[in-house]
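Take a look at the structure set out below.
Atoms within a ligand are numbered from 1 in the order they appear, just like the ligands themselves.
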Amino acid sequence: MRSEPSPQAAQETRPTPLLNVRNLCVRFPGPRSGRRRSWVHAAEDVSFAIQRGRTLGLVGESGSGKSTTGNALTGLVRPTSGTVHLDGQDVLAARGAQARELRRRIAMVFQDPYSSLDPRRTAGATVREPLDVHRMLPGRAERNRRVAELLDLVGLVPGTATRYPHELSGGQRQRVSIARALAADPDLIVLDESTAALDVSVQAQIMNLLRNLQGELGLTYLFISHDLAAVEHMSHRVVVMYLGRLMETGSTDDLYARPAHPYTQALMSAVPDADPTAEKHRERILLSGDPPSPLDPPSGCVFRTRCPLAADECAEPVPPVTLSDDHAAWCVRTDESLSPDRLRRLVH
Ligand SMILES: Nc1ncnc2c1ncn2[C@@H]1O[C@H](COP(=O)(O)OP(=O)(O)OP(=O)(O)O)[C@@H](O)[C@H]1O
Ligand SMILES: [Mg+2]
């Protein structure tokens with residue numbers, strides 16, 4: 001868990017965020033039935049901000065719209081509506097040189113370094129590519145020197161430059177991907193399940209590397225993961241998504257100590273406890289049924305069809321309920337949250 005100034009102090013001193021995402025919607029064309037086209041509601045009305053030098057964790061089950069949201073920031077998908085500002089500049093409206101410069105400042109590291117690295121390129125050529133594309137340094141010798149520096153920065157020995165992906169371990173490949181992202185000298189790095197494909201011990205090494213790089217270089221991260229423990233370890237703040245929508249947001253400390261949305265509570269109740277005694281008494285909130293289709297999401301709270309606390313009012317549009325200065329949940333029943341007693345009655 002990473003420390004953050006008290007909410008009040010944060011409120012008073014909060015600078016303009018590095019990244020500001022407002023009301024982002026991404027809809028993909030779905031199947032056509034007759035003359036009617038359906039739409040996959042992959043991200044709906046998603047808003048969040050990230051302060052410079054901080055990490056925002058984005059967590060939720062498969063299909064909740066995490067990658068879609070990340071991809072909308074890096075230009076891999078075109079949002080249907082909404083705005084994205086980097087340092088006050090409108091990323092989606094930018095054109096030409098300004099657009100290229102904004103794109104350079106937002107880098108991405110994917111889940112599977114094996115499929116995201118070109119098998120015919122050496123690690124050195126992979127890391128040099130952004131330097132060439134963005135014409136970052138004048139000469140070949142200087143670019144090669146920078147490649148060596150970047151490999152060293154991510155903990156790889158100089159000989160790695162001449163190696164191909166198949167000659168490297170999973171952890172080494174992910175280090176190459178991180179060096180490639182750093183080559184463009186970005187402000188923000190979108191890390192989409194960047195440690196998910198790795199063994200647990202390698203995962204921990206890569207997370208520590210990312211945290212050290214953040215401290216050294218003042219980087220800002222959007223850390224996307226379905227792994228609640230990894231998100232807790234990496235993030236200052238957290239956003240929880242379900243079926244394309246925000247469910248809850250808050251500082252990591254607050255959200256993990258007092259999850260307010262029944263969906264967050266259900267997610268957290270599914271994580272095994274490292275302490276065997278606590279694990280023996282752990283009570284899971286079992287959600288009934290599968291998530292609804294994103295082609296036809298429920299009205300109001302999209303979680304209501306699986307929520308143990310759902311009531312008639314949940315079919316109406318849900319305003320965010322503020323729990324503290326720094327913590328909000330899109331749930332009208334947060335006062336009814338699942339106390340251990342209530343849970344016992346629901347589960348047994
Ligand atoms: N190009 C696309 N065309 C149509 N539907 C898409 C496309 N990309 C994503 N989707 C759909 O959008 C929804 C959100 O997908 P997304 O990949 O963003 O979820 P995710 O939270 O990243 O899931 P995971 O944890 O599995 O990576 C899903 O229902 C997915 O099937
Ligand atoms: Mg994804």
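- Ring pair Y263/Y242 is tilted by interplanar angle, where 30° to 60° counts as tilted.
- Using a 4.5 Å heavy-atom threshold, the side chains of I224 and L222 count as touching.
- Taking only nitrogen or oxygen atoms, main chain and side chain alike, G63 reaches within less than 3.5 Å of ligand 1.
- Residues H134 and E101 have side chains not in contact (no heavy-atom distance under 4.5 Å, counting atoms from C-beta outward).
- Not a single heavy atom of M241 sits under 4.0 Å from any atom of ligand 1.
- Residue K66 approaches ligand 1 through these ligand atoms, each under 4.0 Å from one of its heavy atoms: 18 (O), 19 (O), 20 (P), 21 (O), 22 (O), 23 (O), 24 (P), 25 (O).
- For ligand 1 and T68, the ligand atoms under 4.0 Å from any heavy atom of the residue are 14 (C), 15 (O), 16 (P), 18 (O).
- When only non-hydrogen protein atoms are considered, atom 27 (O) of ligand 1 lies nearest to S67 OG, 3.9 Å.
- In this pair, Y164 and H166 present their aromatic rings parallel. The plane angle is below 30°, not in the 30 to 60° band.
- The existence of a salt bridge linking R145 and E142 is excluded, since no basic side-chain nitrogen approaches an acidic carboxylate oxygen closer than 4.0 Å.
- Taking atom 9 (C) of ligand 1 as the reference point, the nearest protein heavy-atom neighbour is F28 CE1, 3.6 Å.
- Taking a distance limit of 4.0 Å, we find that atom 21 (O) of ligand 1 is approached by some protein heavy atom.
- If you check which protein heavy atom lies closest to atom 29 (O) of ligand 1, you get P294 CG, 3.3 Å.
- Distances between N or O atoms of V40 and those of ligand 1 include no value under 3.5 Å.
- Coordination check, T68 versus the Mg ion (ligand 2): failed, since every N/O/S atom of the residue sits at 2.8 Å or beyond.
- The nearest pair of heavy atoms linking A49 to N20 is CB-OD1, 4.0 Å.
- Short contacts between ligand 1 and E61, defined as distances under 4.0 Å to a heavy atom of the residue, involve ligand atoms 21 (O).
- Residues that satisfy the side-chain hydrogen bond (donor to acceptor under 3.5 Å, both in side chains) test with S169, not counting sequence neighbours, are Q172.
- The single protein non-hydrogen atom nearest to atom 19 (O) of ligand 1 is G65 N, 3.3 Å, given as residue, atom name and distance.
- Protein heavy atom in closest approach to atom 26 (O) of ligand 1: S62 OG, 2.5 Å.
- Looking at atom 12 (O) of ligand 1, its nearest protein heavy atom turns out to be A42 CB, 3.3 Å.
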